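It should be emphasised that the depicted structure is a prediction, and the values quoted were computed from it without experimental measurement. Hydrogens, waters and symmetry mates play no part in the numbers below; they use all other heavy atoms, side chains included. Just so we're on the same page: letters track the sequence lines, and every chain starts at 1.
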Amino acid sequence: MTDTRFDPSTADGRWQSAWDAAGTFVADSNSAKPKSYILEMFPYPSGRIHMGHVRNYTMGDVLARYKKMRGYEVLHPMGWDAFGMPAENAAMEKKVHPGEWTRANIAGMKAQLQRIGFALDWTREFATCDPEYYGHEQALFLDMFAAGLVYRRSSEVNWDPVDMTVLANEQVIDGKGWRSGAAVEKRKLDQWFLKITDFAQDLLSGLDALKDWPEKVRLMQENWIGKSQGLEFSFELSNGEKLPVYTTRPDTIFGASFCAIAADHPIAQGLAGDNAVAAFIEQCKRGGTTAAELETAEKLGFDTGITARHPFTGAALPVFIANFVLMDYGTGAVMGVPGHDQRDFEFATKYALPIRRVVASDPSQAEAPMGDAAEAGDGVIVNSGFLDGKSVEDAKAEVIARAENGGWGQGKTVWRLRDWGVSRQRYWGTPIPFIHCLNENGACGIVPVPKDQLPVTLPEDVDFEVPGNPLERHPTWKHTTCPQCGSEARRETDTLDTFTNSSWYFLRFASQPADRPFDPDEIAKWMPVQHYIGGIEHAILHLLYARFWTRALAHIGKFDVKEPFAALFTQGMVTHETYSLGDGSWLSPDEVRKDGADWVAIEDGAPVMAGRVTKMSKSKKNVVDPDAIMADYGADAVRWFMLSDSPPERDLPWSASGIEGCGRFVQRLWRLFQQLDPSATGEDKALARKAHQTIVAAAQDIEALGFNKAVARIYELTGATEKAAPSASRNFAITTLMHLVSPMMPHLAEEAWAQAGNSGLIADAPWPEHDPAMLVEDEVTIAVQHMGKLRDTLTAPKGASKETLEALALASENVQRSIDGAAIRKVIVVPDRLVNIVT
RNA sequence: GCGGGUGUGGCGGAAUGGUAGACGCCGGGGACUUAAAAUCCCCUGAGCUUUGCUCGUGCGGGUUCGAGUCCCGCCACCCGCACCA
């Protein structure tokens with residue numbers, strides 16, 4: 001027996017080369033095996049792989065390797081979400097071309113991923129900034145245009161004054177740009193849009209079928225799509241105009257006591273000549289939009305003096321300009337029903353408007369006084385003329401029917417989801433393949449680039465000396481001729497939102513013909529993705545856009561796939577301790593030590609405060625570099641750490657002692673693997689049984705993505721095997737362990753496999769078979785309780801009769817002492833588990 | 001405010017209504033060693049009058065022979081959304 005250590009610094013690279021040379025992880029779409037497409041969200045090539053990537057990709061890797069062992073042909077690809085603003089920022093700061101910067105990052109990060117030994121099919125690698133990729137994207141965009149799913153319109157856009165670009169609604173957070181953090185301004189620009197709203201209902205309905213998506217993500221998408229059903233109708237105003245409003249509660253229409261319009265509503269704007277009105281509008285716009293501000297913001301209104309005629313009662317309702325009404329939802333105007341809407345209630349209270357009950361728990365409560373809040377709940381309609389006695393549901397239908405018959409309103413579904421503005425005034429993105437014809441007769445207008453002229457490639461010679469779009473000011477790039485009439489023309493200089501790139505990349509991984517974006521037959525073989533793994537931060541944007549593109553492409557006949565991702569898993573973050581000096585500066589966890597109960601800086605003994613355990617970030621100096629860890633412990637220890645302890649959907653706290661423990665376990669397994677003893681004979685039934693049980697349990701755990709549980713079981717089997725005396729069973733347990741850890745610690749497993757004299761790669765070996773007969777214990781431990789409290793345990797043969805167990809239990813000294821002569825009223829026996837004696 | 005999640009030892013966490021704390025980390029003790037590293041063994045929820053007993057899964061109730069698990073009512077923290085009519 002040797003006492004050599006496993007040396008990852010040589011072994012890791014050796015096996016990575018072996019897999020590479022053998023093409024072990026190259027997916028064969030012509031294979032007769034069942035297919036399994038395992039995908040992790042591809043990274044943005046920002047510079048370095050971080051621990052979050054390592055965790056994400058390790059989970060996917062274990063699944064991919066496991067599926068391969070179970071006889072699947074596995075597609076597990078990797079590529080680069082390579083367009084985006086950081087590349088342009090780098091270009092501005094470091095005077096490097098965005099493409100050069102991106103390519104260098106990709107090379108570095110690819111080497112890092114390879115160093116970790118991921119089972120990836122690198123033959124399918126691409127970056128979204130490859131002209132080949134974005135050329136196909138342009139073709140798909142033109143197809144969608146031809147199908148009426150792309151349009152152009154002038155619209156008020158969210159303009160980020162720092163990044164000098166347009167942001168989608170989704171990219172505006174609390175009125176600030178999601179990336180720059182600058183306050184977003186409104187500007188009118190001609191923009192390209194994708195008609196995601198055409199699919200609003202389908203995207204919503206489709207969520208129900210996504211059983212293997214987290215409930216949380218489905219809810220977030222549901223809320224984002226934001227379907228509401230109600231009535232749109234117009235009030236006749238005292239000034240002769242009409243005021244369209246939208247309500248989801250037409251049943252409460254008799255409770256309306258005022259109308260409120262947004263500050264930027266046309267009627268309000270029409271009154272802005274009045275100084276008082278103008279001042280009020282200005283005041284509304286100043287209000288903050290953060291959660292805290294909105295919660296505490298007082299409801300403010302300005303009585304316009306105009307009144308609105310109630311469609312049923314004819315009552316004259318005052319029309320207010322109000323700060324809580326939004327112009328961009330519904331019609332920008334509401335009917336105020338204070339009794340049954342909290343905002344309206346607050347407003348009515350402030351301005352002494354009538355608060356009328358029109359819904360009650362039952363008709364006898366019609367005159368019950370209102371409390372100090374609106375009642376939004378269900379009930380029966382009261383004080384509402386012909387609606388009295390109806391349920392809320394029936395009353396809604398009745399009012400909508402009357403409005404439609406009377407021609408003054410109609411039932412309407414309103415969506416929160418808006419069409420997706422994809423124009424970006426940036427260089428580093430997919431050029432939008434259109435040409436603006438400058439012919440003076442204007443007949444051509446905006447013309448699609450003919451497909452045989454794709455890709456429209458980005459110019460290489462660009463400068464980033466001034467903010468704004470380098471394509472716009474490039475000396476020659478935008479000048480071209482009209483494909484239709486041949487006259488002078490100008491290229492579209494907007495590029496596509498980078499979320500477009502990630503909306504179909506999974507299709508290109510599955511199939512990459514040179515002349516088309518993808519081949520439908522190949523798509524049919526691999527799609528949908530069986531397991532999609534990534535961060536929760538993409539719960540709305542990326543996942544909704546990808547679902548939309550898949551539907552849109554299916555809609556125009558590209559293939560027959562509806563949902564791109566059959567199962568979604570959102571993994572937790574990798575976190576680490578933080579230590580602050582109290583002045584806003586931070587120390588890295590390896591720069592501090594514990595001094596009694598306190599933390600101090602190692603360097604100068606200065607007192608340090610332990611902060612929260614948070615996501616690794618440069619600003620808090622709690623980042624751990626994967627390369628450094630791999631240099632110390634090897635890839636397998638890091639992979640093992642990523643899978644251990646924390647359930648994968650929760651955060652994983654990094655710790656130095658934790659990785660050390662993983663490093664120790666790698667060596668412990670290595671020592672055990674060397675104890676295979678061909679001369680050993682004889683059966684160790686208990687150990688063999690444990691090995692068979694672990695084969696089954698670990699498989700179940702991996703399939704449920706319960707990696708931490710699979711890890712715990714492997715620890716248990718390892719411990720039991722170590723303790724066992726040499727036997728044929730022990731050899732079996734050792735070989736079993738080699739297989740069970742091979743998806744998780746593939747380098748160690750290969751090394752041990754080869755050292756044990758096996759030919760071929762363990763990566764190609766199947767998951768071990770289990771013997772069902774060996775799963776059953778022949779002896780079980782029975783818990784013995786008195787009044788539900790544990791008093792003793794006893795060993796009995798599996799399947800012992802109730803009578804036997806009861807007798808054994810009553811024979812226990814501890815039990816008899818506890819019973820203390822009391823009369824036994826009942827004995828509950830759960831076969832093979834417990835006996836509970838009730839007195 | 002609405003929606004969702006989480007709450008179990010010093011820490012990460014296990015546990016089809018049936019022996020709470022598997023497994024890992026930390027810590028303590030011991031073996032080996034001149035010594036250290038490495039490795040191995042033992043202990044490790046709290047308390048007590050210690051063959052054993054009591055308490056213990058955020059808090060308060062309930063259902064049950066039996067509750068971390070089911071039901072009702074709270075609390076705390078985290079995440080998402082938001083004056084969405």
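- Using a 4.0 Å heavy-atom distance criterion, A/Arg825 is classed as making no nucleic acid contact.
- For the pair A/Gly788 and A/Asn836, the tightest heavy-atom approach, listed with the atom from each and the gap, is N-OD1, 2.9 Å.
- Between A/Cys662 and A/Met327, the residue whose closest nucleotide on RNA chain B is further toward the 5' end is A/Cys662.
- Distance from the side chain of A/Asn836 is smallest to B/C65 among B/C23, B/C65, B/U39.
- One can place CG of A/Leu231 at 16 Å from C1' of B/C84, the figure rounded to the nearest angstrom.
- Looking at heavy-atom distances under 4.0 Å, A/Thr247 makes contact with sugar-phosphate atoms alone, never a base.
- Using P as the reference atom, B/C77 and B/U8 are 15 Å apart when rounded to the nearest Å.
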Worksheet entry | Stepwise salt bridge (Lys or Arg N to Asp or Glu O under 4.0 Å) test for A/Arg671 and A/Glu722 | CA-CA 10 Å; A/Arg671 285 191 299 275; A/Glu722 284 170 334; 5.6 Å; no

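- Between B/G28 and B/G13, the two P atoms lie 24 Å apart (nearest whole Å).
- Nearest approach of A/Pro338 to A/Ile355, heavy atoms of both residues: CB-CG1, 3.8 Å.
- Among the heavy atoms of the strands lying under 4.0 Å from A/Thr781 is at least one base atom, whether or not backbone atoms are also near.
- In this structure, A/Glu722 and A/Glu813 both approach RNA chain B, and ranking their closest nucleotides by distance from the 5' end singles out A/Glu722.
- Distance, A/Glu215 CD to B/G80 C1': 14 Å, rounded to whole Å.
- Residue A/Val334 is in base contact, counting any heavy-atom pair closer than 4.0 Å across all strands shown.
- Base orientation for B/G9: syn, the chi torsion being within 90° of 0.
- One atom, CD1 of A/Ile540, and another, C1' of B/G4, lie 12 Å apart when rounded to the nearest Å.
- Between the A/Asp701 side chain and the A/Phe707 main chain, no donor and acceptor come within less than 3.5 Å of each other.
- When rounded to the nearest whole Å, the span between CG of A/Leu805 and P of B/U19 equals 15 Å.
- A/Ile828 comes within contact range of at least one nucleobase, with a heavy-atom separation under 4.0 Å.
- The shortest heavy-atom contact between A/Val624 and A/Met51 is O-CG, 3.6 Å.
- Residue A/Arg664 is in sugar-phosphate contact alone, with no base atom involved, counting any heavy-atom pair closer than 4.0 Å across all strands shown.
- In this structure, A/Leu669 places its CG atom 13 Å from P of B/U39, rounding to the nearest Å.
- Checking B/A38 for Watson-Crick or G-U wobble geometry (two distances, each under 3.5 Å) identifies no partner in any strand.
- Side-chain proximity of A/Asp645 to the nucleotides B/C26, B/G12, B/C40 is greatest for B/G12.
- Nearest nucleotide to the A/Leu790 side chain, out of B/U19, B/C40, B/A85: B/U19.
- Nearest nucleotide to the A/Arg833 side chain, out of B/G12, B/C23, B/U19: B/U19.
- In this structure, the ring of A/Phe347 has its center less than 6.0 angstrom from the ring center of A/Phe258.
- Taking the C1' atom of each, B/G60 and B/G27 are spaced 36 Å apart, rounded to whole Å.
- Side-chain atoms of A/Ala712 lie closest to B/A22 of the nucleotides B/C81, B/A22, B/C25.
- Phosphate proximity of B/A22 to A/Lys690: absent, as no side-chain N or O sits under 4.0 Å from OP1 or OP2.
- Applying the 3.5 Å distance criterion, the base of B/C23 shares no donor-acceptor pair with the side chain of A/Lys709.
- Picking from B/C83, B/G13, B/G18 the nucleotide with the shortest atom distance to the side chain of A/Asn708 gives B/G13.
- Atom CG in A/Asp651 sits about 12 Å away from atom C1' in B/G5, given to the nearest Å.
- A/Arg356 places no side-chain N or O within donor-acceptor distance of the main-chain N or O of A/Ser257, the cut-off being under 3.5 Å.
- Comparing B/C23, B/U19, B/A85 by their nearest atom to the side chain of A/Glu716 picks out B/C23.
- When the side-chain nitrogen and oxygen atoms of A/Arg416 are compared with OP1 and OP2 of B/A82, one or more of them lie within a distance under 4.0 Å.
- Residue A/Ser655 is classed as having no contact, given no heavy-atom separation below 4.0 Å to the nucleic acid.
- Minimum atom distance to the side chain of A/Trp224 is reached by B/A82, of the listed B/A82, B/A85, B/C65.
- Comparing B/A22 with B/G10, their P atoms are spaced 14 Å from each other, to the whole Å.
- Residue A/Gln229 contributes atom CD, which lies 12 Å from atom P of B/A85 at whole-angstrom precision.
- For the P atoms, the distance linking B/A46 with B/G61 amounts to 26 Å, nearest Å.
- Separation of the P atoms belonging to B/U16 and B/G7 is 14 Å when rounded to the nearest angstrom.
- The two residues A/Val784 and A/Ala809 come nearest to each other via the heavy atoms CG1-CB, 3.7 Å.
- Contact annotation for A/Tyr246: base contact, defined as any heavy-atom pair under 4.0 Å involving a base atom.
- The pairing partner recorded for B/C25 is B/G10, the criterion being a Watson-Crick or G-U wobble arrangement whose two distances lie under 3.5 angstrom.
- Considering only side-chain atoms of A/Arg5, the nucleotide from B/A82, B/U19, B/A38 that sits closest is B/A38.
- Spacing between B/G58 and B/U69 at atom P, rounded to whole Å, works out to 8 Å.
- Residue-level contact check: A/Arg612 touches the backbone only, with heavy atoms under 4.0 Å from sugar-phosphate atoms and none from bases.
- Inspection of the A/Gln675 and A/Arg730 side chains reveals an N or O donor paired with an N or O acceptor under 3.5 Å.
- Nucleotide B/G45 forms a pair with B/C55, judged by Watson-Crick or G-U wobble geometry with both contacts under 3.5 Å.
- When distances are taken from the side chain of A/Ser657 to each of B/U19, B/C25, B/C78, the shortest belongs to B/C25.
- Atom CZ in A/Arg791 sits about 10 Å away from atom C1' in B/G52, given to the nearest Å.
- Among the protein residues, A/Val337 comes within range of no part of the nucleic acid, since none of its heavy atoms lies under 4.0 Å from any strand.
- Pairing of B/C2, defined by two Watson-Crick or G-U wobble distances under 3.5 Å, is identified with B/G80.
- Regarding contacts with the backbone of B/U6, every side-chain N or O of A/Arg650 stays at 4.0 angstrom or more from both OP1 and OP2.
- Atom NZ of A/Lys227 sits in a crowded spot, with more than 12 heavy atoms from other residues, nucleotides or ligands closer than 6.0 Å.
- Comparing the P positions of B/C71 and B/G80 gives an interatomic distance of 28 Å, to the nearest angstrom.
- B/U33 makes up no base pair with any nucleotide shown, lacking Watson-Crick or G-U wobble contacts both under 3.5 Å.
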